[in-house]
Protein chains: 2
Amino acid sequence: MSLPHAILTALLEKPSSGLELTRRFDRSIGYFWSATHQQIYRELGKLEAEGHIRALPSEQPARGQKKSYEVLPAGRAELARWTAASQDPKPYRETLFLRLRAAAAIGTEGVAGIETDLRRHLELHRRQLSEYEEIEQRDFPPGKDSPQDRLQHLILRAGIDLETFWTRWLTHALEEFAQLPDQSR
Amino acid sequence: MSLPHAILTALLEKPSSGLELTRRFDRSIGYFWSATHQQIYRELGKLEAEGHIRALPSEQPARGQKKSYEVLPAGRAELARWTAASQDPKPYRETLFLRLRAAAAIGTEGVAGIETDLRRHLELHRRQLSEYEEIEQRDFPPGKDSPQDRLQHLILRAGIDLETFWTRWLTHALEEFAQLPDQSR
DNA sequence: ACTAACATGTAACACGTTACATGATTGT
DNA sequence: ACAATCATGTAACGTGTTACATGTTAGT
């Protein structure tokens with residue numbers, strides 16, 4: 001039950017239409033919570049029905065017409081409740097590790113195919129890492145340290161550290177692959 | 001579409017019944033791909049219908065009777081195909097980061113509630129980290145380095161590095177919280 | 001008039017979660 | 001006989017994914 005709260009957070013930061021939300025979920029919010037426009041429209045309907053948000057009155061509601069939403073007090077209260085509630089970490093699911101284990105179980109033929117994709121993932125994570133580092137330089141110069149800035153920076157640091165982990169681990173994995181006997185590749 | 005391949009991998013390593021699989025998904029495989037017994041039984045039914053696995057003939061099929069499965073050649077081929085296929089990283093979803101951003105958007109009241117849960121998560125990740133480190137000492141002494149061992153060790157290293165990231169980042173986050181002005185807590 | 005981009009949606013399906021149901025085996 | 005545990009399943013629901021449908025606005 002996190003998507004509605006992600007949307008409430010986004011709308012609290014700035015009232016938006018469905019498509020504007022979709023764009024924001026492709027950028028900043030999407031770095032740690034992704035969502036497609038189909039999910040967003042479905043959830044906007046639910047949140048409005050529950051009285052957590054409302055459409056800004058100015059615009060007429062019709063297909064193809066932009067419709068912006070804002071958070072109501074009930075929505076803000078629900079978000080505060082959810083944020084403070086104790087939650088267990090979600091069970092972890094990572095396809096790459098699974099594929100490595102499958103490769104080990106299959107043996108020779110299994111190991112051969114996966115190396116190319118490891119290189120591709122390494123490249124993707126390197127790009128994500130430099131994107132985060134650019135954001136850090138641009139948006140968090142030394143001295144910007146209101147409580148809001150500190151929290152946002154904390155989240156960005158997590159992204160940077162995670163991408164650093166991936167680039168290091170994938171590099172290490174490829175080195176290990178290079179050392180495997182030839183009949184396993 | 002990863003759960004069927006996780007089950008194929010587990011059965012390839014060792015033919016098992018549904019409950020045995022459930023137990024294994026609570027331990028080693030579950031460290032990077034979790035699944036409940038309901039998911040496993042549903043998927044075993046599908047895999048059998050597709051001809052990827054079969055029940056070991058010895059035992060009679062009845063409710064409450066143990067039923068073990070083994071991988072058929074078609075299943076092994078499908079697993080090899082899937083392992084070698086190029087796959088994009090899954091969109092990332094991390095509740096903790098979302099909650100921090102929500103706290104920042106809400107302001108004072110939002111920040112107050114989350115600190116306790118950060119401490120709890122830090123404790124959980126510390127425990128997971130020492131569990132992984134024990135496994136490394138027990139199962140991967142120096143000198144054990146067949147291709148299979150190397151791949152398994154690689155996966156374990158990823159787990160150790162990820163838990164190390166979490167303990168470091170959560171510790172840093174709590175230090176930042178301690179520096180926030182009092183009215184934000 | 002046509003096309004592309006914008007904007008909002010529907011439908012069908014796959015996957016994951018939670019609660020519950022049922023029979024078999026073992027210990028007391 | 002009873003309870004606990006083992007073992008396999010069903011049902012309902014929520015969330016995420018993919019494909020498609022429909023109207024609007026702006027440019028040529």
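Below, read A as the first sequence line, B as the second, and so on, with proteins coming before strands; counting in each chain starts at 1. No experiment lies behind these values; they were computed from the predicted model shown.
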Check your understanding: In whole Å, what is the span from the CG atom of B/Leu56 to the C1' atom of D/dT8?
Key -> 16 Å
Check your understanding: Just how far, in rounded Å, is C1' of D/dT8 from CD of B/Gln38?
Key -> 10 Å
Check your understanding: Rounding to a whole Å, what distance do you find between B/Glu48:CD and D/dT8:P?
Key -> 12 Å
Practice item. Using only heavy-atom distances, determine whether the side chains of B/His5 and B/Glu78 contain a donor-acceptor pair under 3.5 Å. Key: yes
Review point. For the side chain of B/Leu19, counting heavy atoms from C-beta on, which of D/dG16, C/dA7, D/dA7 is nearest?
Key: D/dA7
**Study point:** Phosphate OP1/OP2 of D/dG9: any B/Lys67 side-chain N/O under 4.0 Å
**Key:** yes
Review point. So A/Phe32 and B/Phe97, would you call those rings parallel, tilted or perpendicular, with 30° and 60° as cut-offs?
Key: perpendicular
Point to revise | d(CH2, B/Trp33; C1', C/dT17) in whole Å | key: 15 Å
Review point. Within the side chain of A/Gln39, is there an N or O that forms a donor-acceptor pair under 3.5 Å with the backbone of A/Thr36?
Key: yes
Review point. For the pair made of CZ in A/Phe25 and P in D/dT15, what is the distance, rounded to whole Å?
Key: 14 Å
Practice item. Assign B/Ser17 to base, sugar-phosphate, or nothing according to its heavy-atom contacts below 4.0 angstrom with the strands shown. Key: sugar-phosphate
Review point. Should B/Lys46 be listed as having a side-chain N or O under 4.0 Å from OP1 or OP2 of C/dA14?
Key: no
Practice item. Take B/His37 and B/Pro91, find for each the nucleotide of DNA chain D with the closest heavy atom, and name the residue whose nucleotide sits nearer the 5' end. Key: B/His37
Point to revise | No-H, no-angle donor-acceptor pair, A/Arg42 side chain to D/dG14 base, under 3.5 Å | key: no
Practice item. Using the ring pair (Phe, Tyr, Trp, His ring centres under 6.0 Å) rule, pick out the option among B/Phe165, B/Trp169, B/Trp166 that qualifies with B/His125. Key: B/Trp166
Practice item. Using whole Å, report how far OH of A/Tyr41 lies from P of C/dC6. Key: 12 Å
Check your understanding: Ignoring hydrogens and angles, does a donor from either the side chain of A/Arg93 or the base of C/dG16 sit under 3.5 Å from an acceptor on the other?
Key -> no
Study note, to complete from the structure: Side-chain atoms of A/Arg23 come closest, of D/dT17, C/dC6, C/dG16, to C/dC6
Exercise for review: Flag the pair A/Glu20 and A/Lys14 as a salt bridge only when some basic side-chain nitrogen lies within less than 4.0 angstrom of an acidic carboxylate oxygen.
Suggested key: no
Exercise for review: Calculate the interatomic distance between B/Ile40 atom CD1 and C/dC15 atom C1'; express it in whole Å.
Suggested key: 14 Å
Exercise for review: Give the rounded distance in Å between these two atoms: CD1 of A/Ile7 and P of D/dG14.
Suggested key: 16 Å
Practice item. Select base, sugar-phosphate, or nothing to describe what A/Lys90 touches, counting heavy atoms under 4.0 Å on all strands. Key: nothing
